[in-house]
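Notes to accompany the following structure.
Residue numbers start from 1 in every chain, and the chains themselves are labelled A, B, ... in the order their sequence lines are given, proteins ahead of strands.
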There are 2 protein chains.
Amino acid sequence: MKIGKLSTSVGLDIQTLRYYEIQGLLNEPKRLDNGYRDYPENAITRLQFVKKAKLVGFTLKEIKELLAIQVTKDEHTCQEVKVFTQAKLQEIETKINELSSIKNALEKIHTSCCGGNETAAHCSILSALES
Amino acid sequence: MKIGKLSTSVGLDIQTLRYYEIQGLLNEPKRLDNGYRDYPENAITRLQFVKKAKLVGFTLKEIKELLAIQVTKDEHTCQEVKVFTQAKLQEIETKINELSSIKNALEKIHTSCCGGNETAAHCSILSALES
DNA sequence: ATTGACCCTGTAGTATGCTTTAGGGTTTAA
DNA sequence: TTAAACCCTAAAGCATACTACAGGGTCAAT
(Lines give C-alpha, C1' and ligand atoms only; values in the text may rest on other atoms or scores of the structure.)
Protein backbone atom coordinates (compact mmCIF):
# COMPACT_ATOMS: atom_id res chain seq x y z
CA MET A 1 0.00 0.00 0.00
CA LYS A 2 1.35 3.40 -0.96
CA ILE A 3 1.43 6.30 1.44
CA GLY A 4 -1.57 8.14 -0.02
CA LYS A 5 -3.81 5.13 0.45
CA LEU A 6 -2.57 4.59 3.98
CA SER A 7 -3.08 8.26 4.72
CA THR A 8 -6.75 8.24 3.72
CA SER A 9 -7.30 4.85 5.37
CA VAL A 10 -6.29 6.08 8.77
CA GLY A 11 -7.07 9.77 8.47
CA LEU A 12 -3.56 11.00 9.03
CA ASP A 13 -1.69 13.40 6.80
CA ILE A 14 1.02 11.99 4.54
CA GLN A 15 3.54 14.30 6.17
CA THR A 16 2.49 13.02 9.55
CA LEU A 17 3.11 9.44 8.46
CA ARG A 18 6.62 10.32 7.34
CA TYR A 19 7.10 12.17 10.61
CA TYR A 20 6.00 9.11 12.56
CA GLU A 21 8.48 7.04 10.59
CA ILE A 22 11.29 9.38 11.58
CA GLN A 23 10.13 9.27 15.19
CA GLY A 24 10.19 5.49 15.12
CA LEU A 25 6.45 4.96 15.56
CA LEU A 26 6.06 3.46 12.14
CA ASN A 27 8.58 0.97 10.82
CA GLU A 28 10.42 1.96 7.69
CA PRO A 29 8.46 0.22 4.97
CA LYS A 30 10.10 -1.49 2.03
CA ARG A 31 10.32 0.60 -1.10
CA LEU A 32 9.01 0.02 -4.61
CA ASP A 33 11.47 0.20 -7.48
CA ASN A 34 10.68 3.87 -7.92
CA GLY A 35 11.45 4.62 -4.30
CA TYR A 36 7.84 4.93 -3.17
CA ARG A 37 7.02 3.58 0.28
CA ASP A 38 5.07 0.31 0.23
CA TYR A 39 3.26 -0.36 3.49
CA PRO A 40 1.96 -3.70 4.72
CA GLU A 41 -1.71 -3.96 5.74
CA ASN A 42 -0.90 -4.01 9.43
CA ALA A 43 0.40 -0.46 9.25
CA ILE A 44 -3.27 0.53 9.46
CA THR A 45 -3.76 -1.26 12.78
CA ARG A 46 -0.62 0.29 14.11
CA LEU A 47 -1.64 3.81 13.18
CA GLN A 48 -5.15 3.36 14.52
CA PHE A 49 -3.58 2.45 17.82
CA VAL A 50 -1.37 5.53 17.68
CA LYS A 51 -4.40 7.74 17.09
CA LYS A 52 -6.32 6.22 19.97
CA ALA A 53 -3.43 6.43 22.36
CA LYS A 54 -2.85 10.05 21.41
CA LEU A 55 -6.50 10.80 22.06
CA VAL A 56 -6.18 9.72 25.66
CA GLY A 57 -3.14 11.83 26.33
CA PHE A 58 -0.16 9.61 25.64
CA THR A 59 2.83 11.28 24.04
CA LEU A 60 4.42 9.87 20.91
CA LYS A 61 7.32 8.72 23.04
CA GLU A 62 5.01 6.79 25.34
CA ILE A 63 3.14 5.31 22.41
CA LYS A 64 6.43 4.20 20.91
CA GLU A 65 7.23 2.43 24.17
CA LEU A 66 3.83 0.74 24.21
CA LEU A 67 4.32 -0.44 20.66
CA ALA A 68 7.77 -1.70 21.52
CA ILE A 69 6.55 -4.06 24.22
CA GLN A 70 7.86 -7.49 23.47
CA VAL A 71 9.77 -10.25 25.06
CA THR A 72 12.93 -11.05 23.23
CA LYS A 73 15.94 -13.07 24.25
CA ASP A 74 18.24 -10.14 23.84
CA GLU A 75 16.29 -7.14 24.89
CA HIS A 76 13.34 -7.59 27.20
CA THR A 77 12.76 -10.27 29.76
CA CYS A 78 9.29 -11.22 30.95
CA GLN A 79 10.10 -9.56 34.21
CA GLU A 80 10.92 -6.25 32.58
CA VAL A 81 7.78 -6.39 30.49
CA LYS A 82 5.68 -7.15 33.54
CA VAL A 83 7.08 -4.20 35.46
CA PHE A 84 6.46 -1.88 32.56
CA THR A 85 2.93 -3.04 31.83
CA GLN A 86 2.03 -2.88 35.50
CA ALA A 87 3.12 0.74 35.67
CA LYS A 88 1.20 1.61 32.51
CA LEU A 89 -1.88 -0.16 33.82
CA GLN A 90 -1.71 2.01 36.90
CA GLU A 91 -1.50 5.15 34.76
CA ILE A 92 -4.45 4.03 32.68
CA GLU A 93 -6.47 3.28 35.79
CA THR A 94 -5.81 6.83 36.97
CA LYS A 95 -6.85 8.27 33.64
CA ILE A 96 -10.07 6.28 33.64
CA ASN A 97 -10.84 7.49 37.13
CA GLU A 98 -10.26 11.13 36.20
CA LEU A 99 -12.45 10.74 33.15
CA SER A 100 -15.17 9.12 35.19
CA SER A 101 -15.24 11.96 37.66
CA ILE A 102 -15.42 14.55 34.88
CA LYS A 103 -18.13 12.47 33.25
CA ASN A 104 -20.09 12.41 36.49
CA ALA A 105 -19.87 16.14 36.82
CA LEU A 106 -21.02 16.73 33.26
CA GLU A 107 -23.90 14.33 33.70
CA LYS A 108 -24.95 16.19 36.79
CA ILE A 109 -24.92 19.43 34.85
CA HIS A 110 -26.67 17.86 31.91
CA THR A 111 -29.51 16.22 33.78
CA SER A 112 -30.23 18.29 36.83
CA CYS A 113 -28.87 21.75 36.28
CA CYS A 114 -31.52 22.99 33.88
CA GLY A 115 -35.17 22.22 34.22
CA GLY A 116 -36.25 23.89 31.03
CA ASN A 117 -34.99 26.69 28.91
CA GLU A 118 -34.70 29.26 31.64
CA THR A 119 -31.46 30.38 33.21
CA ALA A 120 -29.94 28.94 36.36
CA ALA A 121 -26.94 29.58 38.51
CA HIS A 122 -24.22 27.32 39.99
CA CYS A 123 -23.99 25.05 36.99
CA SER A 124 -20.20 25.03 36.84
CA ILE A 125 -18.10 21.92 36.54
CA LEU A 126 -16.26 22.69 39.77
CA SER A 127 -19.42 22.84 41.85
CA ALA A 128 -20.68 19.71 40.13
CA LEU A 129 -17.43 17.92 41.00
CA GLU A 130 -17.62 18.88 44.66
CA SER A 131 -20.96 17.30 45.49
CA MET B 1 -2.84 32.75 49.40
CA LYS B 2 0.29 33.92 47.57
CA ILE B 3 1.50 32.29 44.40
CA GLY B 4 4.32 30.29 46.00
CA LYS B 5 1.93 28.60 48.39
CA LEU B 6 -0.55 27.85 45.62
CA SER B 7 2.29 26.51 43.49
CA THR B 8 3.42 23.98 46.08
CA SER B 9 -0.19 23.12 46.99
CA VAL B 10 -1.04 21.99 43.51
CA GLY B 11 2.37 20.97 42.20
CA LEU B 12 2.51 23.46 39.37
CA ASP B 13 5.34 25.85 38.69
CA ILE B 14 4.79 29.52 39.59
CA GLN B 15 5.46 30.48 35.99
CA THR B 16 2.88 27.98 34.86
CA LEU B 17 0.28 29.57 37.13
CA ARG B 18 0.98 32.98 35.64
CA TYR B 19 0.81 31.41 32.19
CA TYR B 20 -2.57 29.88 33.00
CA GLU B 21 -3.77 33.28 34.14
CA ILE B 22 -2.79 34.81 30.80
CA GLN B 23 -4.51 31.94 29.00
CA GLY B 24 -7.67 32.56 30.98
CA LEU B 25 -7.70 29.27 32.86
CA LEU B 26 -7.15 30.94 36.18
CA ASN B 27 -9.03 34.10 37.08
CA GLU B 28 -6.90 37.15 37.74
CA PRO B 29 -6.67 37.18 41.52
CA LYS B 30 -6.90 40.34 43.55
CA ARG B 31 -3.59 41.88 44.48
CA LEU B 32 -2.07 42.72 47.84
CA ASP B 33 -0.88 46.28 48.44
CA ASN B 34 2.57 45.33 47.22
CA GLY B 35 1.21 43.96 43.97
CA TYR B 36 1.55 40.29 44.90
CA ARG B 37 -1.21 37.97 43.71
CA ASP B 38 -3.59 36.84 46.45
CA TYR B 39 -5.49 33.70 45.51
CA PRO B 40 -8.70 32.43 47.07
CA GLU B 41 -8.80 28.86 48.42
CA ASN B 42 -10.85 27.59 45.49
CA ALA B 43 -7.98 28.27 43.10
CA ILE B 44 -6.60 24.95 44.34
CA THR B 45 -9.72 23.04 43.26
CA ARG B 46 -9.65 24.75 39.92
CA LEU B 47 -6.02 23.90 39.27
CA GLN B 48 -6.46 20.32 40.39
CA PHE B 49 -9.17 20.02 37.81
CA VAL B 50 -6.90 21.52 35.16
CA LYS B 51 -4.21 18.98 35.97
CA LYS B 52 -6.60 16.06 35.78
CA ALA B 53 -8.16 17.23 32.55
CA LYS B 54 -4.73 17.69 31.02
CA LEU B 55 -3.77 14.17 32.05
CA VAL B 56 -6.58 12.70 29.99
CA GLY B 57 -5.68 14.63 26.88
CA PHE B 58 -7.74 17.79 26.98
CA THR B 59 -6.05 20.90 25.67
CA LEU B 60 -5.89 24.07 27.73
CA LYS B 61 -8.48 25.56 25.39
CA GLU B 62 -10.88 22.68 26.01
CA ILE B 63 -10.29 22.86 29.73
CA LYS B 64 -11.05 26.55 29.65
CA GLU B 65 -14.35 25.76 27.95
CA LEU B 66 -15.19 23.12 30.53
CA LEU B 67 -14.45 25.56 33.33
CA ALA B 68 -16.58 28.18 31.61
CA ILE B 69 -19.73 26.07 31.63
CA GLN B 70 -22.44 28.06 33.26
CA VAL B 71 -25.93 29.18 32.64
CA THR B 72 -26.22 32.91 32.68
CA LYS B 73 -28.98 35.20 31.52
CA ASP B 74 -26.72 36.93 29.04
CA GLU B 75 -24.38 34.31 27.76
CA HIS B 76 -25.42 30.68 27.93
CA THR B 77 -28.89 29.23 27.95
CA CYS B 78 -29.67 25.85 29.40
CA GLN B 79 -30.09 24.54 25.89
CA GLU B 80 -26.62 25.63 24.85
CA VAL B 81 -25.10 24.12 27.94
CA LYS B 82 -26.93 20.86 27.36
CA VAL B 83 -25.70 20.62 23.80
CA PHE B 84 -22.14 21.31 24.87
CA THR B 85 -22.11 18.89 27.79
CA GLN B 86 -23.69 16.17 25.67
CA ALA B 87 -20.92 16.52 23.10
CA LYS B 88 -18.24 16.45 25.78
CA LEU B 89 -19.83 13.41 27.40
CA GLN B 90 -19.61 11.63 24.09
CA GLU B 91 -15.92 12.52 23.79
CA ILE B 92 -15.27 11.28 27.29
CA GLU B 93 -17.10 8.05 26.62
CA THR B 94 -14.86 7.50 23.61
CA LYS B 95 -11.74 8.17 25.64
CA ILE B 96 -12.84 5.75 28.35
CA ASN B 97 -13.46 3.09 25.72
CA GLU B 98 -10.03 3.58 24.15
CA LEU B 99 -8.40 3.39 27.55
CA SER B 100 -10.32 0.25 28.41
CA SER B 101 -9.18 -1.48 25.27
CA ILE B 102 -5.56 -0.54 25.88
CA LYS B 103 -5.97 -1.67 29.46
CA ASN B 104 -7.33 -5.01 28.32
CA ALA B 105 -4.42 -5.51 25.99
CA LEU B 106 -1.89 -4.70 28.70
CA GLU B 107 -3.61 -7.01 31.13
CA LYS B 108 -3.45 -9.78 28.58
CA ILE B 109 0.26 -9.19 28.17
CA HIS B 110 0.77 -8.91 31.89
CA THR B 111 -1.04 -12.04 32.95
CA SER B 112 -0.73 -14.54 30.15
CA CYS B 113 2.22 -13.60 28.02
CA CYS B 114 4.94 -14.75 30.37
CA GLY B 115 4.78 -17.87 32.41
CA GLY B 116 7.99 -17.38 34.25
CA ASN B 117 11.21 -15.59 33.62
CA GLU B 118 11.95 -17.11 30.23
CA THR B 119 11.49 -15.35 26.93
CA ALA B 120 8.41 -15.55 24.73
CA ALA B 121 7.26 -14.23 21.38
CA HIS B 122 4.12 -12.43 20.16
CA CYS B 123 3.71 -10.32 23.25
CA SER B 124 3.08 -7.06 21.46
CA ILE B 125 0.27 -4.69 22.24
CA LEU B 126 -1.09 -4.92 18.71
CA SER B 127 -1.47 -8.68 18.80
CA ALA B 128 -2.99 -8.40 22.27
CA LEU B 129 -5.52 -5.88 20.96
CA GLU B 130 -6.57 -8.09 18.07
CA SER B 131 -7.66 -11.09 20.04
C1' DA C 1 4.14 14.45 -25.15
C1' DT C 2 2.02 16.75 -21.70
C1' DT C 3 -1.16 17.26 -17.86
C1' DG C 4 -2.69 15.95 -13.31
C1' DA C 5 -2.22 13.06 -9.57
C1' DC C 6 0.92 10.83 -7.25
C1' DC C 7 5.53 10.17 -4.83
C1' DC C 8 10.39 11.76 -2.94
C1' DT C 9 13.83 14.59 0.31
C1' DG C 10 15.00 18.37 3.00
C1' DT C 11 14.11 22.34 5.47
C1' DA C 12 11.51 25.95 7.45
C1' DG C 13 7.51 27.49 9.88
C1' DT C 14 3.66 27.03 13.37
C1' DA C 15 0.75 26.00 17.59
C1' DT C 16 0.75 24.49 22.13
C1' DG C 17 2.42 24.50 26.61
C1' DC C 18 5.54 25.48 29.17
C1' DT C 19 10.53 27.10 31.05
C1' DT C 20 14.22 30.22 31.43
C1' DT C 21 16.40 34.57 31.65
C1' DA C 22 16.87 39.39 32.72
C1' DG C 23 16.16 42.94 35.63
C1' DG C 24 14.04 44.57 39.44
C1' DG C 25 11.10 45.38 43.90
C1' DT C 26 9.44 43.33 48.86
C1' DT C 27 9.56 40.83 53.12
C1' DT C 28 11.48 38.62 57.01
C1' DA C 29 14.72 37.00 60.08
C1' DA C 30 19.46 37.27 61.87
C1' DT D 1 21.21 46.32 57.55
C1' DT D 2 21.87 42.83 54.86
C1' DA D 3 20.98 38.46 52.95
C1' DA D 4 17.79 34.87 51.77
C1' DA D 5 13.40 34.05 50.24
C1' DC D 6 9.79 35.78 48.11
C1' DC D 7 7.19 38.52 44.52
C1' DC D 8 6.76 41.30 39.85
C1' DT D 9 6.84 42.01 34.36
C1' DA D 10 8.46 41.22 29.86
C1' DA D 11 10.61 38.65 26.60
C1' DA D 12 13.24 34.90 24.86
C1' DG D 13 13.95 29.98 24.48
C1' DC D 14 12.51 25.11 24.19
C1' DA D 15 10.14 20.45 23.39
C1' DT D 16 6.51 18.27 21.12
C1' DA D 17 3.90 17.38 17.24
C1' DC D 18 2.88 18.58 13.42
C1' DT D 19 2.29 21.50 8.74
C1' DA D 20 3.82 23.81 4.83
C1' DC D 21 7.06 24.91 1.42
C1' DA D 22 10.61 24.20 -2.33
C1' DG D 23 12.29 21.63 -5.77
C1' DG D 24 12.12 17.60 -8.09
C1' DG D 25 10.97 12.67 -9.95
C1' DT D 26 7.02 9.02 -11.44
C1' DC D 27 2.87 7.34 -13.45
C1' DA D 28 -1.43 6.93 -16.05
C1' DA D 29 -4.44 8.76 -19.18
C1' DT D 30 -5.41 11.80 -23.08
Side-chain angles (χ1 to χ4, degrees), chain A residues 1-41 43-44 46-68 88 91 95 98, chain B residues 1-41 43-44 46-68 88 91 95 98:
Chain A
M1 186 181 355
K2 282 184 286 183
I3 201 168
K5 178 80 187 311
L6 182 59
S7 169
T8 53
S9 295
V10 299
L12 286 170
D13 198 280
I14 288 178
Q15 312 281 37
T16 303
L17 299 185
R18 294 201 270 245
Y19 175 72
Y20 283 179
E21 185 178 317
I22 292 166
Q23 299 308 308
L25 279 127
L26 199 50
N27 298 328
E28 283 189 32
K30 60 178 188 297
R31 299 295 181 114
L32 299 171
D33 289 348
N34 55 20
Y36 291 8
R37 287 173 179 80
D38 186 26
Y39 293 98
E41 282 299 319
I44 293 177
R46 199 171 169 96
L47 288 168
Q48 279 165 347
F49 175 76
V50 173
K51 281 186 81 175
K52 289 175 183 189
K54 262 185 58 60
L55 185 75
V56 294
F58 287 109
T59 64
L60 294 189
K61 195 183 161 207
E62 288 173 314
I63 296 167
K64 190 177 163 183
E65 286 170 357
L66 285 170
L67 284 167
K88 280 291 160 186
E91 264 182 57
K95 282 181 195 249
E98 305 301 6
Chain B
M1 187 184 349
K2 282 184 284 182
I3 201 167
K5 178 79 185 310
L6 181 59
S7 169
T8 52
S9 295
V10 299
L12 287 169
D13 198 278
I14 287 177
Q15 314 282 40
T16 303
L17 299 184
R18 295 201 271 247
Y19 176 72
Y20 284 177
E21 185 179 316
I22 292 166
Q23 299 307 308
L25 280 128
L26 199 51
N27 298 326
E28 283 187 33
K30 60 178 188 296
R31 299 297 183 111
L32 298 173
D33 289 346
N34 55 20
Y36 290 7
R37 288 173 179 80
D38 186 26
Y39 293 98
E41 282 299 318
I44 293 176
R46 199 172 171 97
L47 288 168
Q48 279 166 346
F49 174 77
V50 173
K51 282 186 81 175
K52 289 175 181 188
K54 261 184 58 59
L55 185 74
V56 295
F58 287 110
T59 63
L60 294 190
K61 195 183 161 207
E62 288 174 314
I63 296 167
K64 191 178 163 181
E65 286 170 358
L66 285 171
L67 284 168
K88 279 293 159 184
E91 264 182 59
K95 282 179 194 249
E98 305 303 7

Rounded off to whole Å, could you give me the [atom1]-to-[atom2] distance for the [X] and [N] pair?
X: A:Asp13; N: C:dT14; atom1: CG; atom2: P; answer: 17 Å
X: B:Glu62; N: C:dG17; atom1: CD; atom2: C1'; answer: 14 Å
X: B:Phe58; N: C:dG17; atom1: CZ; atom2: C1'; answer: 17 Å
X: A:Gln15; N: C:dC7; atom1: CD; atom2: C1'; answer: 11 Å
X: B:Met1; N: D:dC6; atom1: CE; atom2: P; answer: 16 Å
X: B:Tyr39; N: D:dC6; atom1: OH; atom2: P; answer: 16 Å
X: A:Lys64; N: D:dA15; atom1: NZ; atom2: P; answer: 17 Å
X: A:Leu47; N: D:dC18; atom1: CG; atom2: P; answer: 11 Å

### Query
Can you name the one residue among A:Glu28, A:Arg18, A:Lys30 that meets side-chain contact (heavy atoms from CB on, under 4.5 Å) with A:Arg37?
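When side-chain contact (heavy atoms from CB on, under 4.5 Å) is applied between A:Arg37 and each of A:Glu28, A:Arg18, A:Lys30, only A:Arg18 qualifies.
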### Task
Compare side-chain N and O positions of A:Tyr20 against OP1 and OP2 of D:dC18 and report whether any pair is under 4.0 Å apart.
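For A:Tyr20, the contact criterion (side-chain N or O under 4.0 Å from OP1 or OP2 of D:dC18) is met.
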### Query
According to a strict under-4.0 Å criterion, is B:Lys54 in side-chain N/O contact with OP1 or OP2 of C:dC18?
yes
### Query
Heavy-atom contacts under 4.0 Å between residues 21-37 of chain B and DNA chain C, which residues?
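Only B:Asn34, B:Tyr36 qualify.
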### Message
So, taking the atom named CZ in B:Phe49 and the one named CG in B:Leu25, what distance separates them when rounded to the nearest 0.5 Å?
### Response
10.0 Å
### Message
Quick one, A:Leu47 and A:Leu17 - any side-chain contact, counting heavy atoms below 4.5 Å?
### Response
yes
### Task
Could you check if a side-chain atom of B:Arg46 sits within less than 4.5 angstrom of a side-chain atom of B:Asn27, using non-hydrogen atoms only?
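A side-chain contact exists here, since the closest heavy-atom pair is under 4.5 Å.
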### Query
Relative to the 5' end of DNA chain D, which residue comes earlier, B:Asp38 or A:Arg18, by the nucleotide with the nearest heavy atom?
B:Asp38
### Message
Nearest to the B:Leu60 side chain among C:dT19, C:dG17, D:dC18, which nucleotide is it?
### Response
C:dG17
### Task
Among the candidates D:dC18, C:dC18, C:dC7, find the nucleotide nearest to the side-chain atoms of A:Ile3.
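Selected nucleotide (nearest to the side chain): C:dC7.
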### Message
Distance to the ring centre below 6.0 angstrom and angle to the axis at most 45 degrees; does that hold for A:Lys5 and A:Tyr39?
### Response
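Not flagged: A:Lys5 not positioned over aromatic ring of A:Tyr39.
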### Message
Apply salt bridge (charged side-chain N to carboxylate O under 4.0 Å, His left out) to residues B:Glu62 and B:Lys88 and explain how you reach the verdict.
### Response
CA-CA 10 Å; B:Glu62 288 174 314; B:Lys88 279 293 159 184; 3.5 Å; yes
### Query
So, for B:Lys51 and B:Val10, which heavy atoms are closest and what is the spacing to 0.1 Å?
NZ-O, 2.9 Å
